[in-house]
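See structure below.
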Amino acid sequence: MSNCVTKLTTVLLSHRPTVLFILTVSFLFFASVMFHWTTGEDAAGQVYTLPTQSICEQFFSSPPHTIAGGPPPSPGDVFFVETSERINPSYLFTCSVESAARAHPGTRVVVLMKGLAKRNVSLPSHWAFSLLSCFPNVEIRPLDLAELFTGTPLAQWYAQPEHQKGRYYLAHLSDACRITIMWKFGGIYLDTDFIVLKNLKNLTNALGFQSQDVLNGAFLSFKPKHEFMELCMKDFVDNYKSWIWAHQGPQLLTRVFKKWCSISNIQSRTICKGVSALRREAFYPIPWQNWKKLFEAIGSSELHNLLKNTYAVHVWNKLSHDARLEITSQALLAQLYSQFCPATSAQMKKDSEEQSKPVM
(Lines give C-alpha, C1' and ligand atoms only; values in the text may rest on other atoms or scores of the structure.)
Protein backbone atom coordinates (compact mmCIF):
# COMPACT_ATOMS: atom_id res chain seq x y z
CA MET A 1 0.00 0.00 0.00
CA SER A 2 2.83 2.41 0.89
CA ASN A 3 4.51 1.62 -2.47
CA CYS A 4 1.31 2.65 -4.32
CA VAL A 5 1.11 5.93 -2.43
CA THR A 6 4.79 6.66 -3.12
CA LYS A 7 4.39 5.96 -6.85
CA LEU A 8 1.24 8.09 -7.04
CA THR A 9 2.98 10.98 -5.30
CA THR A 10 5.94 10.73 -7.68
CA VAL A 11 3.65 10.80 -10.73
CA LEU A 12 1.68 13.81 -9.45
CA LEU A 13 4.84 15.78 -8.65
CA SER A 14 6.30 15.07 -12.07
CA HIS A 15 3.13 16.41 -13.73
CA ARG A 16 2.55 19.29 -11.29
CA PRO A 17 1.58 21.95 -13.92
CA THR A 18 -0.98 19.62 -15.50
CA VAL A 19 -2.48 18.64 -12.16
CA LEU A 20 -2.76 22.25 -11.01
CA PHE A 21 -4.42 23.20 -14.30
CA ILE A 22 -7.01 20.40 -13.98
CA LEU A 23 -7.76 21.31 -10.36
CA THR A 24 -8.11 25.01 -11.19
CA VAL A 25 -10.46 24.39 -14.13
CA SER A 26 -12.55 21.99 -12.04
CA PHE A 27 -12.85 24.51 -9.21
CA LEU A 28 -13.84 27.36 -11.53
CA PHE A 29 -16.41 25.17 -13.29
CA PHE A 30 -17.95 24.10 -9.97
CA ALA A 31 -18.04 27.71 -8.69
CA SER A 32 -19.66 28.90 -11.92
CA VAL A 33 -22.36 26.24 -11.76
CA MET A 34 -23.13 27.07 -8.13
CA PHE A 35 -23.32 30.82 -8.83
CA HIS A 36 -25.78 30.51 -11.69
CA TRP A 37 -27.80 27.89 -9.83
CA THR A 38 -28.37 30.14 -6.81
CA THR A 39 -28.89 33.52 -8.47
CA GLY A 40 -30.09 33.22 -12.04
CA GLU A 41 -29.36 36.06 -14.46
CA ASP A 42 -30.45 37.19 -17.93
CA ALA A 43 -30.33 40.25 -20.17
CA ALA A 44 -33.11 41.97 -18.23
CA GLY A 45 -31.08 42.09 -15.01
CA GLN A 46 -30.31 40.19 -11.84
CA VAL A 47 -32.85 37.79 -10.36
CA TYR A 48 -32.61 37.24 -6.63
CA THR A 49 -32.14 33.91 -4.89
CA LEU A 50 -35.20 31.69 -4.57
CA PRO A 51 -36.24 30.36 -1.15
CA THR A 52 -36.03 26.77 -0.06
CA GLN A 53 -39.06 24.51 -0.02
CA SER A 54 -39.20 24.64 3.79
CA ILE A 55 -39.67 28.42 3.70
CA CYS A 56 -42.53 28.13 1.21
CA GLU A 57 -44.23 25.59 3.45
CA GLN A 58 -44.63 28.34 6.05
CA PHE A 59 -47.05 30.08 3.69
CA PHE A 60 -48.56 27.21 1.68
CA SER A 61 -49.62 23.75 2.82
CA SER A 62 -49.48 22.82 -0.87
CA PRO A 63 -48.10 24.62 -3.96
CA PRO A 64 -49.95 27.93 -4.50
CA HIS A 65 -52.95 27.48 -6.77
CA THR A 66 -53.72 29.88 -9.59
CA ILE A 67 -56.96 31.17 -11.07
CA ALA A 68 -58.25 28.75 -13.69
CA GLY A 69 -59.31 29.84 -17.15
CA GLY A 70 -58.26 32.92 -19.07
CA PRO A 71 -56.44 33.11 -22.39
CA PRO A 72 -53.33 30.98 -23.07
CA PRO A 73 -49.91 32.43 -22.19
CA SER A 74 -48.66 35.12 -24.57
CA PRO A 75 -45.62 37.42 -24.74
CA GLY A 76 -45.39 40.39 -22.38
CA ASP A 77 -44.60 40.49 -18.69
CA VAL A 78 -46.63 41.98 -15.85
CA PHE A 79 -44.63 44.78 -14.21
CA PHE A 80 -44.73 46.35 -10.76
CA VAL A 81 -42.37 49.20 -9.85
CA GLU A 82 -41.15 50.63 -6.53
CA THR A 83 -39.32 53.91 -7.20
CA SER A 84 -38.54 54.77 -3.57
CA GLU A 85 -35.74 53.16 -1.57
CA ARG A 86 -38.27 51.09 0.37
CA ILE A 87 -37.43 47.38 0.65
CA ASN A 88 -40.04 46.31 3.23
CA PRO A 89 -43.17 45.54 1.17
CA SER A 90 -46.52 46.31 2.78
CA TYR A 91 -49.43 43.90 2.97
CA LEU A 92 -51.11 45.67 0.04
CA PHE A 93 -47.94 45.60 -2.08
CA THR A 94 -47.59 41.87 -1.42
CA CYS A 95 -51.26 41.24 -2.12
CA SER A 96 -50.99 43.09 -5.44
CA VAL A 97 -48.12 40.90 -6.65
CA GLU A 98 -49.62 37.68 -5.26
CA SER A 99 -52.99 38.31 -6.94
CA ALA A 100 -51.29 39.09 -10.27
CA ALA A 101 -49.14 35.95 -10.03
CA ARG A 102 -52.20 33.79 -9.36
CA ALA A 103 -54.15 35.33 -12.24
CA HIS A 104 -51.24 34.95 -14.71
CA PRO A 105 -49.60 31.55 -14.07
CA GLY A 106 -48.03 31.44 -17.54
CA THR A 107 -46.63 34.97 -17.42
CA ARG A 108 -43.60 36.46 -15.69
CA VAL A 109 -44.56 38.90 -12.95
CA VAL A 110 -41.58 41.24 -12.61
CA VAL A 111 -41.16 43.38 -9.49
CA LEU A 112 -38.62 46.19 -9.99
CA MET A 113 -37.35 47.88 -6.83
CA LYS A 114 -34.97 50.83 -6.74
CA GLY A 115 -33.91 50.01 -3.17
CA LEU A 116 -32.36 46.72 -4.34
CA ALA A 117 -30.09 48.30 -6.94
CA LYS A 118 -27.07 48.61 -4.61
CA ARG A 119 -27.50 45.30 -2.76
CA ASN A 120 -25.86 41.91 -3.25
CA VAL A 121 -27.48 38.75 -4.64
CA SER A 122 -29.53 38.08 -1.51
CA LEU A 123 -32.93 39.59 -0.87
CA PRO A 124 -33.53 41.36 2.45
CA SER A 125 -34.94 39.14 5.18
CA HIS A 126 -38.65 39.92 4.98
CA TRP A 127 -41.69 37.64 4.97
CA ALA A 128 -43.08 39.28 1.80
CA PHE A 129 -40.02 38.41 -0.29
CA SER A 130 -40.11 34.82 0.98
CA LEU A 131 -43.82 34.52 0.18
CA LEU A 132 -43.65 36.05 -3.29
CA SER A 133 -40.59 34.04 -4.31
CA CYS A 134 -42.60 30.87 -3.76
CA PHE A 135 -44.48 31.70 -6.97
CA PRO A 136 -42.40 30.33 -9.86
CA ASN A 137 -43.51 33.15 -12.17
CA VAL A 138 -42.50 36.01 -9.84
CA GLU A 139 -39.12 37.67 -10.35
CA ILE A 140 -37.82 40.38 -8.00
CA ARG A 141 -35.21 42.58 -9.63
CA PRO A 142 -33.27 45.79 -8.91
CA LEU A 143 -34.48 48.88 -10.76
CA ASP A 144 -31.68 50.69 -12.58
CA LEU A 145 -33.30 53.99 -13.53
CA ALA A 146 -30.43 55.34 -15.66
CA GLU A 147 -30.43 52.15 -17.70
CA LEU A 148 -34.23 52.14 -18.00
CA PHE A 149 -34.38 55.66 -19.41
CA THR A 150 -31.42 55.23 -21.78
CA GLY A 151 -32.47 55.67 -25.39
CA THR A 152 -35.69 57.51 -24.54
CA PRO A 153 -36.74 61.18 -24.31
CA LEU A 154 -36.77 60.76 -20.53
CA ALA A 155 -33.02 60.17 -20.23
CA GLN A 156 -32.22 63.89 -20.27
CA TRP A 157 -35.08 64.68 -17.87
CA TYR A 158 -33.82 62.09 -15.38
CA ALA A 159 -30.25 63.41 -15.62
CA GLN A 160 -31.26 66.87 -14.38
CA PRO A 161 -30.78 66.88 -10.58
CA GLU A 162 -33.07 69.87 -10.01
CA HIS A 163 -36.09 67.69 -10.77
CA GLN A 164 -35.36 65.62 -7.67
CA LYS A 165 -36.13 68.65 -5.50
CA GLY A 166 -39.74 68.73 -6.67
CA ARG A 167 -42.47 68.04 -4.11
CA TYR A 168 -43.96 65.24 -6.20
CA TYR A 169 -40.75 63.84 -7.65
CA LEU A 170 -41.33 60.23 -6.55
CA ALA A 171 -44.83 60.22 -8.02
CA HIS A 172 -43.57 61.73 -11.26
CA LEU A 173 -40.67 59.27 -11.35
CA SER A 174 -43.19 56.44 -11.10
CA ASP A 175 -45.19 58.01 -13.94
CA ALA A 176 -42.02 58.18 -16.04
CA CYS A 177 -41.09 54.54 -15.32
CA ARG A 178 -44.42 53.07 -16.34
CA ILE A 179 -44.63 54.74 -19.75
CA THR A 180 -40.98 53.92 -20.43
CA ILE A 181 -41.46 50.26 -19.51
CA MET A 182 -44.53 50.04 -21.74
CA TRP A 183 -42.67 51.61 -24.66
CA LYS A 184 -39.47 49.60 -24.24
CA PHE A 185 -40.81 46.18 -23.30
CA GLY A 186 -44.58 46.18 -23.65
CA GLY A 187 -46.77 43.98 -21.49
CA ILE A 188 -48.87 45.05 -18.51
CA TYR A 189 -48.09 47.65 -15.87
CA LEU A 190 -49.92 47.77 -12.52
CA ASP A 191 -49.60 50.04 -9.51
CA THR A 192 -48.78 48.25 -6.26
CA ASP A 193 -52.20 49.07 -4.82
CA PHE A 194 -54.23 46.90 -7.17
CA ILE A 195 -55.87 43.59 -6.36
CA VAL A 196 -56.13 41.54 -9.54
CA LEU A 197 -59.32 39.53 -10.01
CA LYS A 198 -58.95 38.22 -13.56
CA ASN A 199 -56.34 37.46 -16.20
CA LEU A 200 -55.52 40.66 -18.10
CA LYS A 201 -53.72 39.24 -21.12
CA ASN A 202 -56.70 39.75 -23.44
CA LEU A 203 -56.34 43.53 -22.98
CA THR A 204 -53.89 45.10 -25.42
CA ASN A 205 -53.13 48.77 -26.09
CA ALA A 206 -55.50 49.76 -23.32
CA LEU A 207 -55.87 51.97 -20.26
CA GLY A 208 -58.84 52.88 -18.08
CA PHE A 209 -61.14 55.73 -17.16
CA GLN A 210 -60.89 56.70 -13.49
CA SER A 211 -63.85 59.07 -13.86
CA GLN A 212 -66.14 60.32 -16.58
CA ASP A 213 -63.53 62.45 -18.32
CA VAL A 214 -60.14 61.47 -16.84
CA LEU A 215 -57.89 58.50 -17.72
CA ASN A 216 -55.53 56.84 -15.26
CA GLY A 217 -52.21 55.03 -15.76
CA ALA A 218 -52.35 52.78 -12.70
CA PHE A 219 -53.12 50.06 -15.27
CA LEU A 220 -51.52 50.07 -18.71
CA SER A 221 -51.28 47.34 -21.34
CA PHE A 222 -49.39 48.05 -24.56
CA LYS A 223 -47.31 46.40 -27.22
CA PRO A 224 -43.65 47.44 -27.22
CA LYS A 225 -42.62 50.57 -29.16
CA HIS A 226 -46.24 51.69 -29.49
CA GLU A 227 -46.58 55.22 -30.84
CA PHE A 228 -49.07 56.22 -28.13
CA MET A 229 -46.50 55.50 -25.42
CA GLU A 230 -43.85 57.36 -27.41
CA LEU A 231 -46.12 60.42 -27.49
CA CYS A 232 -46.60 60.08 -23.73
CA MET A 233 -42.84 60.17 -23.15
CA LYS A 234 -42.44 63.25 -25.34
CA ASP A 235 -45.33 65.04 -23.62
CA PHE A 236 -43.85 64.16 -20.22
CA VAL A 237 -40.68 66.08 -21.06
CA ASP A 238 -42.16 68.89 -23.15
CA ASN A 239 -44.90 69.75 -20.64
CA TYR A 240 -43.23 68.85 -17.34
CA LYS A 241 -44.71 70.67 -14.35
CA SER A 242 -43.09 69.53 -11.11
CA TRP A 243 -45.54 71.44 -8.89
CA ILE A 244 -48.70 69.63 -10.09
CA TRP A 245 -49.15 66.11 -8.68
CA ALA A 246 -51.33 64.58 -11.43
CA HIS A 247 -49.88 66.52 -14.37
CA GLN A 248 -47.48 63.74 -15.40
CA GLY A 249 -49.98 60.94 -14.73
CA PRO A 250 -53.75 61.05 -15.28
CA GLN A 251 -53.67 64.51 -16.85
CA LEU A 252 -50.86 63.49 -19.24
CA LEU A 253 -52.66 60.37 -20.42
CA THR A 254 -55.91 62.28 -20.85
CA ARG A 255 -54.41 65.08 -22.96
CA VAL A 256 -52.34 62.66 -25.09
CA PHE A 257 -55.44 60.52 -25.74
CA LYS A 258 -57.33 63.62 -26.86
CA LYS A 259 -54.52 64.50 -29.27
CA TRP A 260 -54.30 60.89 -30.43
CA CYS A 261 -57.99 60.90 -31.31
CA SER A 262 -58.19 64.58 -32.38
CA ILE A 263 -61.07 65.19 -29.97
CA SER A 264 -61.77 67.77 -27.29
CA ASN A 265 -64.27 65.73 -25.27
CA ILE A 266 -62.90 62.40 -24.09
CA GLN A 267 -66.35 61.08 -23.19
CA SER A 268 -67.17 60.80 -26.88
CA ARG A 269 -64.74 58.00 -27.64
CA THR A 270 -63.67 54.78 -25.87
CA ILE A 271 -61.52 53.35 -28.67
CA CYS A 272 -59.50 55.29 -31.18
CA LYS A 273 -56.78 54.27 -33.66
CA GLY A 274 -56.29 50.96 -31.89
CA VAL A 275 -56.07 52.32 -28.32
CA SER A 276 -58.91 51.46 -25.93
CA ALA A 277 -60.06 53.54 -22.96
CA LEU A 278 -61.90 51.05 -20.76
CA ARG A 279 -64.96 51.91 -18.70
CA ARG A 280 -64.37 52.96 -15.09
CA GLU A 281 -65.68 49.73 -13.57
CA ALA A 282 -62.95 47.71 -15.32
CA PHE A 283 -60.22 48.95 -12.92
CA TYR A 284 -61.66 51.70 -10.75
CA PRO A 285 -65.05 50.38 -9.54
CA ILE A 286 -64.60 52.37 -6.32
CA PRO A 287 -64.09 56.06 -7.25
CA TRP A 288 -61.30 57.78 -5.33
CA GLN A 289 -63.87 60.02 -3.63
CA ASN A 290 -65.51 56.88 -2.14
CA TRP A 291 -62.35 55.07 -1.04
CA LYS A 292 -63.75 54.52 2.49
CA LYS A 293 -66.23 52.05 0.99
CA LEU A 294 -63.29 49.63 0.74
CA PHE A 295 -63.27 49.37 4.53
CA GLU A 296 -67.03 48.95 4.95
CA ALA A 297 -68.85 45.63 5.26
CA ILE A 298 -70.57 44.39 2.13
CA GLY A 299 -72.72 41.35 1.34
CA SER A 300 -71.56 38.73 -1.15
CA SER A 301 -74.39 39.47 -3.60
CA GLU A 302 -73.70 43.20 -3.58
CA LEU A 303 -69.97 42.57 -3.96
CA HIS A 304 -70.58 40.28 -6.94
CA ASN A 305 -72.76 42.89 -8.67
CA LEU A 306 -70.24 45.63 -7.97
CA LEU A 307 -67.31 43.70 -9.47
CA LYS A 308 -68.96 41.65 -12.23
CA ASN A 309 -67.31 43.80 -14.93
CA THR A 310 -64.04 44.38 -13.06
CA TYR A 311 -60.57 43.05 -13.91
CA ALA A 312 -58.75 44.51 -10.90
CA VAL A 313 -59.62 46.82 -8.00
CA HIS A 314 -57.60 49.96 -7.38
CA VAL A 315 -57.33 50.62 -3.64
CA TRP A 316 -56.22 54.31 -3.81
CA ASN A 317 -53.39 53.78 -1.33
CA LYS A 318 -52.41 57.46 -1.40
CA LEU A 319 -55.71 58.15 0.38
CA SER A 320 -56.33 54.90 2.25
CA HIS A 321 -52.89 53.95 3.61
CA ASP A 322 -53.64 55.11 7.17
CA ALA A 323 -57.02 53.37 7.39
CA ARG A 324 -57.21 50.31 9.65
CA LEU A 325 -58.37 47.08 8.02
CA GLU A 326 -59.82 44.33 10.20
CA ILE A 327 -58.71 41.37 8.11
CA THR A 328 -61.27 38.95 9.62
CA SER A 329 -64.20 41.29 8.96
CA GLN A 330 -66.64 41.38 6.03
CA ALA A 331 -65.15 44.64 4.77
CA LEU A 332 -64.93 44.79 0.99
CA LEU A 333 -61.13 44.92 1.06
CA ALA A 334 -60.82 42.08 3.57
CA GLN A 335 -62.95 39.86 1.33
CA LEU A 336 -60.75 40.67 -1.66
CA TYR A 337 -57.61 39.79 0.33
CA SER A 338 -59.13 36.49 1.43
CA GLN A 339 -60.14 35.46 -2.09
CA PHE A 340 -57.40 36.81 -4.33
CA CYS A 341 -54.28 36.92 -2.15
CA PRO A 342 -54.99 34.26 0.50
CA ALA A 343 -51.35 33.80 1.53
CA THR A 344 -50.98 37.50 2.30
CA SER A 345 -54.33 37.44 4.08
CA ALA A 346 -53.17 34.51 6.22
CA GLN A 347 -49.99 36.39 7.16
CA MET A 348 -52.05 39.43 8.14
CA LYS A 349 -54.26 37.27 10.36
CA LYS A 350 -51.22 35.66 11.97
CA ASP A 351 -49.60 39.03 12.65
CA SER A 352 -52.86 40.40 14.03
CA GLU A 353 -53.24 37.46 16.42
CA GLU A 354 -49.66 37.80 17.65
CA GLN A 355 -50.10 41.52 18.29
CA SER A 356 -53.28 40.91 20.29
CA LYS A 357 -51.65 38.36 22.60
CA PRO A 358 -51.18 39.63 26.14
CA VAL A 359 -47.61 40.36 27.17
CA MET A 360 -46.49 37.85 29.83
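Index from 1, following the sequence. If you're wondering where the values come from, they're calculated on a predicted model, not measured in any experiment.
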>> Quick one, His226 and Asn205 - any side-chain contact, counting heavy atoms below 4.5 Å?
In response: yes

> Do the non-hydrogen side-chain atoms of Met113 and Val111 ever get within less than 4.5 Å of each other?
Replying inline: yes

>> Heavy-atom count check: over 12 atoms from other residues, nucleotides or ligands less than 6.0 Å from Gln212 CD?
In response: no

>> Measuring from atom SG of Cys341 to atom CD1 of Ile195, what distance do you get when rounded to the nearest 0.5 angstrom?
In response: 5.0 Å

>> Can you give me the closest heavy-atom contact between Tyr337 and Ser345, atom names plus distance?
In response: O-CB, 3.7 Å

> Between Thr204 and Phe222, is any pair of side-chain heavy atoms under 4.5 Å apart?
Replying inline: no

> Any donor and acceptor pair, going by atom type alone, linking the side chain of Arg108 with main-chain N or O of Val138 inside 3.5 Å?
Replying inline: no

> Of all heavy-atom pairs between Pro250 and Val214, which one has the smallest distance, and what is that distance?
Replying inline: CB-CG1, 3.9 Å

> Under 30°, 30 to 60°, or over 60°: which ring-plane class applies to His314 and Phe194, parallel, tilted or perpendicular?
Replying inline: tilted

> Side chains of Val196 and Val78: closer than 4.5 Å at any heavy-atom pair?
Replying inline: no

> Between Arg86 and Asn88, is there a donor-acceptor pair closer than 3.5 Å when you use the side chain of the first and the backbone of the second?
Replying inline: yes

>> Strictly distance-based, threshold 3.5 Å: is any side-chain N or O of Ser221 a donor or acceptor partner for the main-chain N or O of Leu203?
In response: yes

> Judged by atom type as modelled, is there a donor-acceptor pair below 3.5 Å linking the side chain of Thr180 to the main-chain atoms of Ala176?
Replying inline: yes

>> Closer than 3.5 angstrom, by distance alone: can the side chain of Asn290 be matched with the main-chain N or O of Lys293 as a donor-acceptor pair?
In response: no

> Hey, are the side chains of Tyr240 and His172 touching, using non-hydrogen atoms and a 4.5 Å cut-off?
Replying inline: yes

> Just wondering, do Tyr311 and Leu197 contact through their side chains at under 4.5 Å, heavy atoms?
Replying inline: no

> Taking the six-membered ring for Trp, are the ring centroids of Tyr284 and Trp316 within less than 6.0 Å of each other?
Replying inline: yes

> Does any non-hydrogen side-chain atom of Phe340 lie less than 4.5 Å from one of Cys95?
Replying inline: no

>> Looking at every heavy atom in both Leu154 and Val237, which two are closest together, and how far apart are they?
In response: CD2-CG2, 3.9 Å

> Looking at Lys259 and Asp235, does any basic side-chain N land under 4.0 Å from a carboxylate oxygen?
Replying inline: yes

>> Under 4.0 Å between a side-chain nitrogen and a carboxylate oxygen: does that hold for Glu230 and Lys234?
In response: yes

>> Would you say NZ of Lys241 has more than 12 non-hydrogen atoms from neighbouring residues, nucleotides or ligands within 6.0 angstrom?
In response: yes

> Are Asp351 and Gln347 close enough that a side-chain donor and a side-chain acceptor fall under 3.5 Å?
Replying inline: yes

> Just checking, any donor-acceptor pair under 3.5 angstrom between side chains of Thr344 and Glu98?
Replying inline: yes

> CD of Glu162: more than 12 outside heavy atoms within 6.0 angstrom?
Replying inline: yes

>> Show, in sequence, the C-alpha distance, side-chain angles and deciding distance for Asp175 and Phe236, and conclude whether the side-chain contact (heavy atoms from CB on, under 4.5 Å) test is met.
In response: CA-CA 9 Å; Asp175 293 329; Phe236 187 103; 4.0 Å; yes

> Does the Asn216 side chain pair with the main chain of Phe209, one donor and one acceptor, at a distance under 3.5 Å?
Replying inline: no

>> So, taking the atom named CG in Leu92 and the one named CE in Met348, what distance separates them when rounded to the nearest 0.5 Å?
In response: 9.0 Å

> Between Lys273 (side chain) and Trp260 (backbone), is there a donor-acceptor pair under 3.5 Å?
Replying inline: yes

> Mind checking whether Trp157 and His163 have parallel, tilted or perpendicular rings, split at 30° and 60°?
Replying inline: parallel

> Shared ILVMFWY cluster between Tyr169 and Leu143, side chains joined below 4.5 angstrom?
Replying inline: yes

>> For a ring-ring contact (aromatic ring centres under 6.0 Å, His included) check, start with the C-alpha distance between Tyr168 and His247, then their side-chain angles and the critical distance, and finish with the verdict.
In response: CA-CA 10 Å; Tyr168 304 114; His247 189 77; over 10 Å; no

>> Could you tell me if the side chain of Ile140 sits less than 4.5 Å from the side chain of Ser133, heavy atoms only?
In response: yes

> If you round to the nearest 0.5 Å, how far is CG of Leu333 from OG of Ser320?
Replying inline: 7.5 Å

>> Under 6.0 Å between ring centres: does that hold for Phe79 and Tyr189?
In response: no

> Do you know the tightest heavy-atom contact between His104 and Leu200?
Replying inline: NE2-N, 2.9 Å

>> Between Asp213 and Ser211, does the side-chain contact (heavy atoms from CB on, under 4.5 Å) criterion hold? Intermediate values first, please.
In response: CA-CA 6 Å; Asp213 57 357; Ser211 62; 3.8 Å; yes

>> So that I can tick it off, tell me whether Glu296 and Lys292 are bridged by a salt bridge, with the cut-off set at under 4.0 angstrom between side-chain N and carboxylate O.
In response: no

> Are the charged groups of Glu82 and Lys114 less than 4.0 angstrom apart, N to O?
Replying inline: no

> Do Leu278 and Ile263 share a hydrophobic cluster (ILVMFWY, side-chain heavy atoms under 4.5 Å, transitive)?
Replying inline: no

> Out of curiosity, does Phe149 fall in the hydrophobic cluster containing Leu231 (side-chain heavy atoms, cut-off under 4.5 Å, transitive links)?
Replying inline: yes

> Where is the tightest heavy-atom contact between Thr107 and Gly76, given as atom of each residue plus distance?
Replying inline: CG2-O, 3.3 Å

>> Can you see whether Thr328 engages Glu326 through a side-chain donor-acceptor pair at a distance of less than 3.5 angstrom?
In response: yes

>> Measuring from atom OG1 of Thr152 to atom CD1 of Ile179, what distance do you get when rounded to the nearest 0.5 angstrom?
In response: 8.5 Å

> How many angstroms lie between atom OG of Ser96 and atom CG of Asp191, to the nearest 0.5 angstrom?
Replying inline: 8.5 Å

> Does the Asn317 side chain pair with the main chain of Thr192, one donor and one acceptor, at a distance under 3.5 Å?
Replying inline: no

> So, His321 side chain and Lys318 main chain: donor-acceptor pair closer than 3.5 Å or not?
Replying inline: yes

> Just wondering, more than 12 heavy atoms not from Lys184 lying within 6.0 Å of its NZ?
Replying inline: yes

> What residue among Val110, Val109, Ile188 forms side-chain contact (heavy atoms from CB on, under 4.5 Å) with Asp77?
Replying inline: Val110

>> Starting from Leu170, can I reach Ile244 by hopping between I/L/V/M/F/W/Y residues whose side chains sit under 4.5 Å apart?
In response: no

> Is the backbone N or O of Ser90 less than 3.5 Å from a side-chain atom of Thr94, with the two atoms forming a donor-acceptor pair by type?
Replying inline: yes

>> Please determine whether side-chain contact (heavy atoms from CB on, under 4.5 Å) holds for the pair Phe295 and Leu332, giving the CA-CA distance in whole Å, both sets of side-chain angles, and the decisive distance to 0.1 Å.
In response: CA-CA 6 Å; Phe295 297 85; Leu332 192 161; over 6 Å; no

>> My understanding is that only residues two or more places apart in sequence, or in another chain, count here; which of them pass salt bridge (charged side-chain N to carboxylate O under 4.0 Å, His left out) with Lys225?
In response: none

>> Parallel, tilted or perpendicular, judged at 30° and 60°: which one describes the rings of Trp127 and Tyr91?
In response: tilted

>> Testing the basics here: between Arg178 and Leu220, what is the closest heavy-atom pair and its distance to 0.1 Å?
In response: CG-CD1, 3.9 Å

>> Is there a continuous path of hydrophobic side-chain contacts, each under 4.5 Å between heavy atoms, that joins Leu319 to Val313?
In response: yes

> Which value, rounded to the nearest 0.5 Å, describes the distance between Leu306 atom CG and Glu281 atom CD?
Replying inline: 9.5 Å

>> For Leu252 and Cys232: C-alpha separation, side-chain torsions, deciding distance, then whether side-chain contact (heavy atoms from CB on, under 4.5 Å) applies.
In response: CA-CA 7 Å; Leu252 179 150; Cys232 288; 3.8 Å; yes

